[in-house]
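See below for the structure under consideration.
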Amino acid sequence: MPAKIAPSILAADFAHLADDVARVADHVDLLHVDVMDGHYVPNLSLGMPVIAALRAVTDLYFDCHLMVTNPISLFEPLKEAGADLVTVHIEVHPDPTSAAAAARALQLGFGLVVNPATPFAAVAPFVELCDLVVVMSVVPGFGGQEFIPEVLAKVEAARKLVDSAGLGADIEIDGGVTPETARMASAAGANVFVAGTAIFGSPDPAAAADRLRAAADGME
Ligand code: DX5
Ligand code: ZN
């Protein structure tokens with residue numbers, strides 16, 4: 001399965017976001033947008049005005065990772081701002097059925113995120129509702145953290161379930177992704193690779209995205 005590369009703009013230069021996105025646009029498959037509310041996680045990042053401003057300068061698909069206490073209330077303004085897909089933490093909505101329905105009603109893609117400390121069993125019954133299953137490989141809240149290899153077992157479980165049940169969900173790994181950890185996550189069954197620091201922290205973000213893809217695709 002070909003890898004999809006999803007740069008996280010959390011690690012971009014917020015004073016030059018459009019330039020940073022333009023530098024990688026031809027080398028990536030989607031944009032990962034980390035929305036943090038300073039409540040669900042102890043950090044604030046960005047919201048609707050920034051997403052709308054970016055929507056005006058790129059056609060990339062926006063995967064909006066909602067690290068917020070009240071995600072459903074944001075679906076409509078996010079859609080208006082230009083979001084394509086929203087992901088919600090299973091820890092926030094242990095039964096995400098109505099969250100999924102709310103996203104679908106707005107024609108937003110829907111995904112679920114599972115934190116490092118949360119077992120895959122929490123999310124397994126709801127994978128059929130998802131376009132995307134996100135396995136966090138760091139504790140959410142900050143970029144630049146170290147990859148937690150123990151979560152790879154959850155990637156394997158997610159891949160097994162998606163394939164055996166014939167579901168269409170992509171499996172994304174988020175946090176501490178480098179060429180080395182992308183290789184590990186790919187072997188475990190991930191096909192979408194979020195990277196903030198490894199891409200925007202590099203002097204040549206486009207080349208860094210290419211290196212990640214090569215690693216994830218097993219070409220390197
Ligand atoms: C963490 C965010 C991640 C983060 C990844 O809360 O969900 O998407 O931006 O950043 P790196 O690649 O630096 O770990
Ligand atoms: Zn994220």
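Counting starts at 1 for both ligands and their atoms, in listed order. Counting begins at 1 with the first residue of the sequence.
Applying the 4.0 Å criterion to heavy atoms of Val194 picks out, from ligand 1, the atoms 8 (O). Against a heavy-atom cut-off of under 4.0 Å, Thr197 is close to the following atoms of ligand 1: 11 (P), 12 (O), 13 (O). The atoms of ligand 1 that sit less than 4.0 Å from any heavy atom of Gly175 are 14 (O). Remark: ligand 1 atoms within the under-4.0 Å shell around heavy atoms of Pro140 are 6 (O). Listed by atom number, the atoms of ligand 1 under 4.0 Å from Gly144 heavy atoms are 11 (P), 13 (O), 14 (O). Close contacts between ligand 1 and Ser8 involve ligand atoms 8 (O), 9 (O) [criterion: under 4.0 Å to a heavy atom]. Contact atoms of ligand 1 toward Met136: 7 (O) (distance under 4.0 Å to a heavy atom of the residue). Listed by number with element, the atoms of ligand 1 under 4.0 Å from a non-hydrogen atom of Met36 are 6 (O).
When each of Val123, Leu112, Val88 is paired with Pro96, the side-chain contact (heavy atoms from CB on, under 4.5 Å) condition holds for Leu112 and for no other. Just one of His93, His89, His65 meets the ring pair (Phe, Tyr, Trp, His ring centres under 6.0 Å) condition when paired with Tyr40; it is His89.
When only interatomic distances are considered, the shortest N/O to N/O separation between His32 and ligand 1 falls below 3.5 Å. Residue Ala198 has no N or O atom closer than 3.5 Å to an N or O atom of ligand 1. Of the polar atoms of Met67, none of the N or O atoms is found under 3.5 Å from an N or O of ligand 1, judged by distance alone. Considering backbone and side-chain atoms together, Gly196 places an N or O closer than 3.5 Å to an N or O of ligand 1.
Side chains of Asp19 and His16: no donor on one and acceptor on the other come within 3.5 Å.
In terms of protein heavy atoms, atom 3 (C) of ligand 1 is closest to Asp174 OD1, 3.0 Å. Looking from atom 6 (O) of ligand 1 to the surrounding protein, the closest heavy atom is Gly141 N, 2.8 Å. Nearest protein neighbour of atom 1 (C) of ligand 1, counting heavy atoms only, is Phe142 O, 3.6 Å. Ranking protein heavy atoms by distance to atom 14 (O) of ligand 1, first place goes to Gly176 N, 2.8 Å.
Here the side chains of Val24 and Phe200 are in contact, with some heavy-atom distance below 4.5 Å. Under the 4.5 Å side-chain criterion, counting only non-hydrogen atoms from C-beta, Val113 is not in contact with Met67. Side-chain contact check for Phe147 versus Met184: some heavy-atom pair is nearer than 4.5 Å. With contacts defined as side-chain heavy-atom distances shorter than 4.5 Å, the pair Val194/Val177 does not qualify.
Of the inter-residue distances, the one linking Met36 atom CE with Asn43 atom CG reads 5.0 Å to the nearest 0.5 angstrom. Summarising the geometry, atom CG belonging to Asp174 is positioned 7.0 Å from atom OG belonging to Ser8; distances are rounded to the nearest 0.5 Å. In this structure, CG on Asp95 lies 4.5 Å from CZ on Phe126, to the nearest 0.5 angstrom.
With a 4.0 Å cut-off on non-hydrogen atoms, Ala195 touches ligand 1 through its backbone and not its side chain.
The Zn ion (ligand 2) sits nearest to atom OD2 when only the N, O or S atoms of Asp174 are considered. Shortest distance from the Zn ion (ligand 2) to His65 is reached at ND1 (N/O/S atoms only). In terms of distance to the Zn ion (ligand 2), the nearest N, O or S atom of Asp34 is named OD1.
Counting only distance, with no hydrogens or angles, the side chain of Arg159 and the backbone of Ala188 share no donor-acceptor pair below 3.5 Å.
Remark: among candidates Ser45, Pro7, Gly143, the nearest residue to atom 10 (O) of ligand 1 is Gly143, based on non-hydrogen atoms. Across the listed options Leu10, Asp34, Val177, Asp34 owns the non-hydrogen atom lying nearest to atom 7 (O) of ligand 1.
The two residues Ile199 and Ala209 have their closest heavy-atom pair at CD1-CB, 4.1 Å.
Relative to the ring axis of Phe62, Arg55 places its NZ or CZ within 45° and under 6.0 Å from the centre.
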